[in-house]
**Student:** 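Sharing a structure with you now.
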Protein chains: 2
Amino acid sequence: VDLASIMEQPEPPVLPSSQNTLSFSSNSAAFLQSYLPSASSASTEKLPFVTLTYASSLDSAISLSPGIQTILSGPESKAMTHYLRSQHSAILIGANTAIADDPGLNCRIDGVGGYGGADLLGQPRPVVVDPHGRWLQTLTKETRVLRTALEGKGRAPIIFTNNNTTIPAAKLALLKEYGGMHVFIGPEDLDQAEGVPTAWEGILKCLASKGLKSVMIEGGGAVINSLLSKRFAPVVNSVIVTIAPVYLGKGGVIVSPDRDDKGKPTARLKDVRWQGLGEDVVMCGRLSP
Amino acid sequence: VDLASIMEQPEPPVLPSSQNTLSFSSNSAAFLQSYLPSASSASTEKLPFVTLTYASSLDSAISLSPGIQTILSGPESKAMTHYLRSQHSAILIGANTAIADDPGLNCRIDGVGGYGGADLLGQPRPVVVDPHGRWLQTLTKETRVLRTALEGKGRAPIIFTNNNTTIPAAKLALLKEYGGMHVFIGPEDLDQAEGVPTAWEGILKCLASKGLKSVMIEGGGAVINSLLSKRFAPVVNSVIVTIAPVYLGKGGVIVSPDRDDKGKPTARLKDVRWQGLGEDVVMCGRLSP
């Protein structure tokens with residue numbers, strides 16, 4: 001679930017941009033600083049700095065059911081999400097979330113490009129992991145991420161598909177027209193069944209090679225659970241979780257990684273910090289090696 | 001899972017009581033006060049004040065698997081649990097937890113009876129909901145709650161069983177010898193299948209009739225999920241949840257209530273307060289009607 005879009009009501013096509021602009025004070029942001037990518041640290045690395053972030057209920061659900069947008073966290077958490085986006089070169093989601101939410105995948109924090117700032121300053125590059133091209137095949141001029149790019153309020157997406165997927169030329173042309181990019185990736189890096197990479201390193205290296213030094217990974221459930229697993233946790237630099245004081249109840253889309261060793265927790269976080277934010281709490285931490 | 005016992009290593013039979021005594025400063029306790037039973041409010045009520053409390057992982061698991069004690073929360077949270085016990089007349093768990101954990105079900109906070117205080121001052125009455133007498137049938141002089149009572153460090157339990165259950169006379173005599181109490185309750189108040197009451201009101205009224213004005217309900221999973229359901233949430237006055245920064249991973253015992261309305265969250269908390277406590281966070285709130 002895209003943290004920003006779960007808070008959003010359908011919007012009229014034209015709104016004064018001031019109504020859309022969010023602010024998050026530097027005071028509020030202080031607790032996040034040590035969990036964010038620093039320009040210096042990433043420049044010599046082969047992989048981008050990866051921040052994994054999501055909002056869940058007390059019972060670790062990110063939505064009521066697959067494909068359903070669910071309002072979980074409050075307005076302060078929404079502003080924080082957009083602040084976090086401004087601090088990353090890219091934001092990444094899976095195809096299921098892109099299809100379900102039709103998210104804008106931009107940053108609406110006061111002062112970035114399109115929201116008081118020049119050009120696309122501070123606007124992260126959207127990345128959609130779309131192994132079988134299911135989302136790419138639905139792409140039209142009405143797709144929100146393209147509309148947002150056209151309005152100068154965000155960048156067009158990079159889309160990763162499996163290199164044995166057939167993509168209609170018209171969709172690729174549309175994507176290119178808006179400034180987006182399509183990347184074929186070897187099937188060894190993309191799981192056939194679940195739409196989740198079997199090897200995140202391939203995608204992350206590709207992003208680094210395009211000069212994207214940090215990526216904020218926002219969901220959905222399968223993507224998050226994959227990155228919390230023993231296999232992939234090492235590529236994650238920071239984890240930022242918002243918890244809302246609500247129980248969605250059984251049947252939701254759950255964040256809970258697979259457990260390799262039946263008798264041991266999958267992962268414990270270190271350098272943990274908790275911060276109340278409106279009715280919610282935010283946890284920042286790092287995955288123990 | 002009993003919040004206290006999950007932190008405990010096996011102990012040598014005799015330990016100076018000072019090593020067992022926990023303290024929780026009045027400063028630390030301040031954030032809890034408005035969620036605790038007040039002597040005045042409960043005295044005119046037919047039902048005791050009910051506090052629901054548990055410790056979970058980020059993925060809402062209270063243990064790695066049924067019957068397995070799991071270290072989740074830190075020492076500060078353990079001290080808080082014992083402080084909370086000192087503020088209630090009774091503490092209640094289900095039979096599965098009693099069998100799995102063999103918990104002491106007493107309060108070890110500095111100043112209560114057995115831990116610096118006189119007699120059993122401040123020691124809550126343990127209550128075990130044991131529909132089919134499975135725990136009662138395992139009761140011996142070595143059962144920890146009875147040993148604790150014998151040592152003058154806690155009270156003997158009240159055990160609720162279904163009135164169509166046959167209980168060996170020797171077990172009832174043992175329980176009585178230690179100052180405990182057995183209560184038969186109508187099958188209409190106890191679910192046959194899951195060991196969870198189908199009607200909590202019967203048990204709670206019985207506790208009130210015995211002068212127990214407040215009860216802290218600690219687990220396990222089935223008991224907690226039952227009390228978070230639409231049907232029973234109205235009997236719960238406060239919810240106090242400790243969340244540890246760990247992912248147990250799939251396969252754990254999960255806190256997540258049933259959802260009656262597929263399209264709506266089961267419960268949203270109000271008057272929410274979050275408080276960091278060591279590496280953990282504590283959420284206090286009330287269930288919305």
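Only this structure's heavy atoms are used, side chains among them; waters, hydrogens and symmetry mates stay out.
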**Student:** Between L269(B), N225(B), L64(B), V272(B), who has the most heavy-atom pairs with chain A when the cutoff is under 4.5 Å?
**Tutor:**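 Result: the option with the highest number of such pairs is L64(B).
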**Student:** Roughly how far, to the nearest 0.5 Å, is CH2 of W274(A) from CG of D280(B)?
**Tutor:**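 Separation between the atoms: 7.5 Å.
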**Student:** May I ask you to name which of Q275(B), K264(B), K262(B), E279(B) has the most heavy-atom pairs under 4.5 Å with chain A?
**Tutor:** E279(B)
**Student:** Could you list the donor-acceptor pairs under 3.5 angstrom formed by side chains in residues 227-235 of chain A, with sequence neighbours left out?
**Tutor:**
unit_1, atom_1, unit_2, atom_2, d
S229(A), OG, S226(A), O, 2.6
K230(A), NZ, T266(A), O, 2.5
R231(A), NH1, E201(A), OE2, 3.2

**Student:** Under 4.5 Å from any heavy atom of chain A, what part of I254(B) do you find: side chain, backbone, both or neither?
**Tutor:**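 Looking at I254(B), nothing touches chain A.
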**Student:** If you count heavy-atom pairs within less than 4.5 Å of chain A, which of A267(B), S57(B), G285(B), G276(B) leads?
**Tutor:** A267(B)
**Student:** Please determine whether side chain to side chain contact (heavy atoms under 4.5 Å, CB included) holds for the pair V281(B) and M283(A), giving the CA-CA distance in whole Å, both sets of side-chain angles, and the decisive distance to 0.1 Å.
**Tutor:** CA-CA 9 Å; V281(B) 77; M283(A) 187 214 65; over 6 Å; no
**Student:** Using only non-hydrogen atoms and a strict under-4.5 angstrom cutoff, which residues of residues 24-36 of chain B touch chain A?
**Tutor:**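 Against chain A, none of the residues of residues 24-36 of chain B fall inside the cut-off of heavy atoms under 4.5 Å.
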**Student:** Can you give me the closest heavy-atom contact between S256(A) and D59(B), atom names plus distance?
**Tutor:**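 Minimum heavy-atom contact is OG-OD2, 2.8 Å.
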**Student:** Of the listed residues (V241(A), V239(A), D260(A), I243(A)), which shares the most heavy-atom pairs with chain B below a 4.5 Å separation?
**Tutor:** I243(A)
**Student:** Could you list which of residues 244-251 of chain A have a heavy atom closer than 4.5 Å to any heavy atom of chain B, in residue-number order?
**Tutor:**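 Answer by number: P245(A), V246(A), Y247(A), L248(A), G249(A), K250(A), G251(A).
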**Student:** Please name all residues satisfying side chain to side chain contact (heavy atoms under 4.5 Å, CB included) with A90(B), sequence neighbours left out, ordered by chain then number.
**Tutor:** R125(B), V127(B), L212(B), V215(B)
